[in-house]
> 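Attaching a single structure in structure tokens format; questions to follow.
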Amino acid sequence: ASRLAGWLNAESAVMIGALALVVALAVVPVLVFFETSFRESTETGPGGLTLRNYLITLTHPIMLGAIWNTLVIALASAVISGTLGTALAWFHARTDMPGRRWLEPMTLMPFFLPSLVGAIAWWALASPRVGMLNTFLVNALGLSAPPFDIYTLWGIIWVLVLFDTPYMYLFTIGSFNRMDPALEESARVCGTGVFRTALRVTLPLSIPAILSGVVIIFVTSAGVIGVPLVLGGPGRVHTLSTQIYTRMGTFPPDAGVAAAAGSVLMLITAAGLWVQRKIIAPRSFVTVTGKGYRPYRMSLGRWRYLAFGVNFLYIFLAVILPTGALILASLNRTWLGNFRWEQLSLRHWHFVLFEFDYTIRATKNSLILGLGGGFLSIILCTFLSILIYRGARGRAKAVLDYICTLPVGVPGIVMGMAFLITWIRTPLYALPMLLLILGYMTRYLPYGIRTISSVLLSVSPELEESSRVCGASFFRTLWRVTVPLLQSGIFAAYLLLFIVFMRELPVSALLANEASTPMALALYIVGENEGLGVVSAFALVQITLLLGATYLFRRLWGLEKLSV
């Protein structure tokens, strides 16, 4: 009895509650999802057990094409954006490239913008019929046919590369900044050139950060839905995510085949995570030694201007050109591929901001999800981080940590479908905004925990132990000691979750109804039913909200860096 009483304390109760909650959020929906993939789809719900869903997924020509396209998009996006993002991070952290101070914020700008907005912008730029670049080149050079067609597999990859590169930059810039320059100086003393030193010394020692970024981009690109929906629809380019969305949109929903397709998608993402662990785990990558050192940048000589040109070209293609196209399209009453002064009008802006109830309601929903959902997520992520890294129950901590990392391998569209089929017959489905918050919270749980735990691991546990020794309870120690010490990490995580909640589409695509539609989903639906001018104005409203809120967050709480 005394041992049981000692075990059943406040910390144990919180641990049990946390385990029950994360199991309900992350494990139960995935198990129901897998079960659905083995059941027939009927008008009244899941039917008997069957393997027909997997047979269709693995033999139907459209589904086979979707699997192939998903693999190509994920691999190409990961390799190309991984290479470009790593190169840009190396330019900024390890070389004397000019203009680094103002190039960095512009390089990170696409991180704050949804890739769906990028797809709409490149629709305005490279659509065969109304693309600004095509119209200009056809008129200027007298071409017989438009040179660009964004409605292709490589058009989808192009947009994803532009908007995934900042992720790779953020993953690798920290590793490059912390690296002891003596490791590179030794190679230079032996007569090795700058670029060979980077290839033979710098990059191999940064493999953990590089491979982590590549795998995360691979996983997110495999499950992305906004860009393939906008650009793949006209060109009939199918992916697993668009097939899931399409089959769940039929009546009755073909949930069995959609779940089987989602299972294949999860297998693809799990394979990427397995490769990462297999390569990194057995090797040592020590880049920070015990000796002090001062920062050192390698001189590129004349090549530094080429590095500057590469960085500026990326900014031009990812930020300046797409944003400019959206602005011009939003200010023309009728968009026909080129800007005309006689068509100058603020009509689309007024319509989106003050007349169109659908966009007004979607904007309010996104702010509620970003601010309210982000706040609830931060509370959960803070408690989970403390339990995982400061808890006393070793076995329970390991189980909790493992469950909290599961959503990394679950694509957003799969998470949305899993939540839908799990809770659709429960009272929770009558609360669509709460269901969306829970879906977002589960999908991005690892991101919040990672950001907060990075600060928690730098704080000595002696400070909390002193509080407990002085008689403070578990909860009082959390409130008076731990949480104040984690303030910077908590606010950084809040900003990160606010950004991803505001632009989240895959989970929303299946969980949201008409009343709870957020901006990302509304942007796609508006694009299906309205002209490019209205869509561009609405996209710019979302961009303005994201950048404005990010600026306020960073000014109010002094956030200098953003973690991924």
> Kindly say whether G233 contributes a backbone atom to a donor-acceptor pair with the side chain of R236 at under 3.5 angstrom?
no
> For T70 and L240, work out which heavy atoms get closest and say how close.
OG1-N, 3.0 Å
> Taking the side chain as C-beta and beyond, is there a heavy-atom pair between M266 and F34 under 4.5 Å?
yes
> Does a donor on one side chain and an acceptor on the other come within less than 3.5 Å for S127 and N134?
no
> Heavy atoms, side chains only, cut-off 4.5 Å: are T57 and V264 in contact?
yes
> With a 3.5 Å distance limit and no angle check, can you tell me whether T517 reaches the backbone of A522 through a side-chain donor-acceptor pair?
no
> Looking at L367 and M502, what are the two nearest heavy atoms and their distance?
N-SD, 4.0 Å
> What I'd like to find out is whether the side chain of V214 reaches to under 4.5 Å of the side chain of F171, using heavy atoms alone.
no
> Flag the pair N69 / I156 as yes when at least one side-chain heavy-atom distance between them is below 4.5 Å, and no otherwise.
no
> Kindly confirm or rule out a cation-pi arrangement of R503 over F111, judged by NZ or CZ under 6.0 Å from the six-membered ring centre and within 45° of its axis?
yes
> With the side chain counted from C-beta on, respond yes when T242 and V237 share a heavy-atom pair under 4.5 Å apart, and no when they do not.
no
> Indicate the ring-plane relationship of F356 and F351, choosing parallel, tilted or perpendicular according to the 30° and 60° boundaries.
parallel
> Do you know which two heavy atoms are closest between Y314 and P110, and how far apart they sit?
OH-CG, 3.5 Å
> Count the heavy atoms of every other residue, nucleotide or ligand shown that sit under 6.0 Å from CZ of R52, and state whether that count exceeds 12.
no
> Give, for atom CG of L113 and atom CG of L547, the distance between the pair rounded to the nearest 0.5 Å.
5.5 Å
> Would T107 and N311 count as having a side-chain donor-acceptor pair, cut-off 3.5 Å?
yes
> For the pair F312 and F316, name the ring-plane relationship: parallel under 30°, tilted 30 to 60°, perpendicular over 60°.
parallel
> Donor-acceptor check, side chain of N332 to backbone of G533, threshold 3.5 angstrom: yes or no?
no
> Can you tell me if T422 uses its side chain to pair, donor with acceptor, with the backbone of F419 under 3.5 Å?
no
> Could you tell me if the ring centre of Y305 sits under 6.0 Å from that of F308?
no
> Please answer whether the main-chain N or O of I217 pairs with a side-chain N or O of D164 as donor and acceptor at a distance below 3.5 Å.
no
> Return the CG to CH2 distance between L231 and W122, rounded to the nearest 0.5 Å.
11.0 Å
> Measuring only between side-chain heavy atoms, which start at C-beta, is V414 closer than 4.5 Å to S241?
no
> Given side-chain hydrogen bond (donor to acceptor under 3.5 Å, both in side chains), test S377 with Y494 step by step and report yes or no.
CA-CA 8 Å; S377 299; Y494 194 5; over 6 Å; no
> If you apply the rule side chain to side chain contact (heavy atoms under 4.5 Å, CB included), what do you find for I225 with T239, and how did you get there?
CA-CA 8 Å; I225 186 172; T239 65; over 6 Å; no
> Just how far is it from atom CZ of F538 to atom CE of M519, taken to the nearest 0.5 Å?
4.0 Å
> What is the distance from atom OG of S366 to atom CG of L436, rounded to the nearest 0.5 Å?
9.5 Å
> Do Y167 and T220 have side-chain N/O donor and acceptor atoms under 3.5 Å apart?
no
> Please step through side chain to side chain contact (heavy atoms under 4.5 Å, CB included) for the pair Y358 and V526, ending with a clear verdict.
CA-CA 9 Å; Y358 187 72; V526 169; 4.0 Å; yes
> Measuring from atom CG of L321 to atom CG of L133, what distance do you get when rounded to the nearest 0.5 angstrom?
5.5 Å
> Under 3.5 Å, is there a donor-acceptor pair linking the side chains of S516 and N513?
yes
> How are the rings of H92 and Y169 set to each other: parallel, tilted or perpendicular (split at 30° and 60°)?
perpendicular
> If you look at every heavy atom in V507 and G412, which pair is closest and at what distance?
CG2-O, 3.5 Å
> Using every non-hydrogen atom in the two residues, find where I173 and A89 come nearest and quote the distance to one decimal.
CD1-O, 3.5 Å
> Check whether T405 reaches the backbone of Y402 with its side chain - one donor and one acceptor, N or O, closer than 3.5 Å.
yes
> Using the side chain to side chain contact (heavy atoms under 4.5 Å, CB included) rule, take V408 and V219 through it: C-alpha gap first, then chi angles, then the decisive distance, then the call.
CA-CA 8 Å; V408 170; V219 170; 5.6 Å; no
> Run through P228, S81, S77 and flag the one making a side-chain contact (heavy atoms from CB on, under 4.5 Å) with L160.
S77
> For L51, is the CG atom crowded, meaning more than 12 foreign heavy atoms sit under 6.0 Å from it?
no
> Between T152 and G155, is there a donor-acceptor pair closer than 3.5 Å when you use the side chain of the first and the backbone of the second?
yes
> Establish, from distance only, whether the side-chain atoms of T95 and W90 form a donor-acceptor pair under 3.5 Å.
no
> Which is it for L58 and M63 under the side chain to side chain contact (heavy atoms under 4.5 Å, CB included) test, yes or no, and what are the steps along the way?
CA-CA 7 Å; L58 298 176; M63 297 300 293; over 6 Å; no
> Which atoms form the tightest heavy-atom contact between L445 and C404, and what is the distance?
CD2-SG, 4.1 Å
> Check salt bridge (Lys or Arg N to Asp or Glu O under 4.0 Å) between R247 and all other residues, then give those that pass, not counting sequence neighbours.
D254
> Decide yes or no for E504 and L521: does some side-chain heavy atom of the first lie under 4.5 Å from some side-chain heavy atom of the second?
no
> At what distance, to the nearest 0.5 angstrom, does CG of L511 lie from CG of L420?
6.0 Å
> Examine distances only and state if a side-chain atom of T172 and a backbone atom of I210 form a donor-acceptor pair shorter than 3.5 Å.
no
> Quick check: do V79 and F218 have side-chain heavy atoms less than 4.5 Å from each other?
no
> Any sub-3.5 Å donor-acceptor pair from D96's side-chain atoms to R304's backbone N or O?
no
